[in-house]
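Note that this is a predicted model, so its numbers are computed, not measured.
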Amino acid sequence: MTALGPRPGPRTERLALPGVLSPEQVLRTVEGIAAVQRADGAIPWFRGHHLDPWDHTEAAMALDAAGEHERARAAYRWLIQHQNPDGSWYAAYPDTPDGVAATDPTDRARESNFCAYVAVGAWHHYLSTGDDTFLERMWPTVFAAVEFVLGMQQRDGRVGWRRGADGTIDPDALLTGSSSVYQALRCALAIAEHREEPQPDWELSAGLLGHAIRHHPERFLDKRRYSMDWYYPVLGGAVTGAAAKERIEAGWDRFVVPGLGVRCVSTNPWVTGGESCELALALWAMGESDRAVDILRWIQPTLRAEDGMYWTGYVFEDDAVWPEERTTWTAGSLLLAVAALGGDEATTAVFGGESLPRGLDSDCCA
C-alpha cells in the first residue's frame with residue numbers, strides 16, 4: 001500500500017452533495033476509511049475490531065467511488081488470498097493492534113450473503129476502472145463464491161443463511177440476506193455475460209430467489225421489526241416500480257424518524273447510519289432522490305464525527321451516540337449513497353439494476 005493518503009480531485013468533487021457533504025468533508029471521510037485499511041488490504045470495522053467479508057467489500061466499493069482504486073484492489077486481493085477452498089469466507093476475522101489482520105477466524109460460520117457480495121464488489125470495481133486484468137483474476141474467486149452460496153439454496157428459491165462451523169447448512173432464510181444475495185447473483189451474471197461464459201444454472205437460481213422475495217415472505221424468518229427487512233428487497237433490486245413504492249410507503253412511519261434518520265428496530269429509539277444510508281440508496285433507486293437527500297442530511301449533525309467518520313447510531317431519547325464506534329461500513333454506505341445520487345456510473349449500475357441480468361423469469365412459478 002502506498003504511504004500517500006487520498007488527495008482532493010475530481011472524484012471527491014463529484015461526491016460532494018449540497019446540504020450533505022462538501023468536497024472537503026468527502027475527502028475527510030475517504031481519508032478516514034483509508035486510515036483504517038491495513039497493510040495487507042483488509043478493512044476492519046475500525047482499528048482493533050474484527051472484519052467480515054461483506055462490510056470489507058462495501059468499504060472497498062466506497063474507495064472505488066472516491067477514485068481510490070489501488071486501495072480497492074488491495075481489498076480484493078485480500079479476499080482472493082483468504083477465500084476458503086470451498087469458495088467461502090468465514091463470518092469474522094480478528095484485527096491486531098499492529099495493523100495486520102490475523103487470518104485465524106473468530107467466527108467459523110460462513111454466511112451466504114457475506115460470501116456472495118464479492119460479486120457486487122468485483123463488478124463495481126470493473127465498472128469503475130475498466131480493468132479487464134482485474135476481472136480475469138477475480139473471476140475464479142467470484143465463481144467459487146457463487147457456487148458455494150447456491151449450494152445453500154432451497155428448492156423453493158430461498159437461500160439458507162449460513163453454514164455452521166461444523167459444515168451444517170441452516171435452511172432458515174433471512175429476507176435481508178437473500179435480497180443481498182439476489183443483487184450479488186445479478187452482478188455475477190453480468191460478469192459472466194461480459195466474459196461470454198453463460199451460467200444458465202445461476203440464471204435459474206436468481207429467478208427462483210427473486211420470485212420468493214417478491215411473492216413468498218412466509219418462506220423467510222419473520223424479522224419485520226428490523227428496517228433492513230423493509231427496504232432491502234428494494235435495495236437488492238428484487239422489488240421495483242409500483243411494488244417498491246408501495247412497500248416503502250407502508251413502512252415509512254414505523255422506521256423513519258423525521259429530522260434524525262432510520263431506526264434499526266421499529267420499537268427502539270435508535271437511528272443508525274448504515275440503515276439510513278441504505279434507505280437513501282433504495283429511495284434513489286425508486287426515483288425518490290429528494291427524500292434520499294433528506295435522509296442523508298438528517299444524519300449529519302448527530303452521526304458525523306470530527307474525523308469525517310460516522311458513528312454507528314444515535315439514541316435520541318438519551319441524546320447519545322451508541323455504540324461509541326465509528327465504522328468503515330457506515331462511512332462506506334454514506335459515500336455509496338452520495339455516489340449514486342451524483343450519478344457515478346459504476347455505483348448506479350450495481351444499485352440501479354437496470355443494466356443487470358434478472359435471471360430466468362420465474363414469477364409464474366409457485
The ring-ring contact (aromatic ring centres under 6.0 Å, His included) partners of F148 (sequence neighbours excluded) come to none
**Q.** Check: L135 and V142 side chains under 4.5 Å, non-hydrogen atoms
**A.** no
Would you say F316 ends up clustered with Y310 if hydrophobic residues are merged whenever their side chains have heavy atoms under 4.5 Å apart, either directly or through other cluster members? yes
With sequence neighbours left out, the residues meeting side-chain hydrogen bond (donor to acceptor under 3.5 Å, both in side chains) with E249 are R291
Taken in chain and number order and not counting sequence neighbours, the residues that satisfy side chain to side chain contact (heavy atoms under 4.5 Å, CB included) with P323 are W270, T312, E325
Any donor-acceptor N/O pair, D201 side chain to E203 backbone, under 3.5 Å
no
- Are the aromatic ring centres of H56 and W78 under 6.0 angstrom apart? yes
side-chain hydrogen bond (donor to acceptor under 3.5 Å, both in side chains) filter on D318, not counting sequence neighbours, yields none
Is it true that H50 and Y93 have ring centroids separated by less than 6.0 Å?
no
Using ring centroids (six-membered ring only for Trp), state whether F134 and W139 fall under 6.0 Å.
no
Here the gap from D172 atom CG to R219 atom CZ, rounded to the nearest 0.5 Å, amounts to 14.5 Å
Heavy-atom nearest pair, G177 first then N113, reads O-CB, 3.5 Å
Donor-acceptor list for residues 332-346 side chains, cut-off 3.5 Å, not counting sequence neighbours:
unit_1: S333; atom_1: OG; unit_2: W329; atom_2: O; d: 3.4
unit_1: S333; atom_1: OG; unit_2: T330; atom_2: O; d: 2.8
unit_1: D344; atom_1: OD1; unit_2: R11; atom_2: NH2; d: 3.2
unit_1: D344; atom_1: OD1; unit_2: R14; atom_2: NH2; d: 3.2
unit_1: D344; atom_1: OD2; unit_2: T347; atom_2: N; d: 3.1
unit_1: D344; atom_1: OD2; unit_2: T347; atom_2: OG1; d: 2.6

Apart from L174 itself, its cluster of hydrophobic side chains linked below 4.5 Å comprises W161, L221
Stacked cation flag R108 on Y90, 6.0 angstrom / 45 deg
yes
**Report entry** Full working for side-chain contact (heavy atoms from CB on, under 4.5 Å) between I191 and E197
**Finding:** CA-CA 9 Å; I191 297 171; E197 295 189 30; over 6 Å; no
Salt bridge flag under 4.0 Å for residues R326 and E306: no
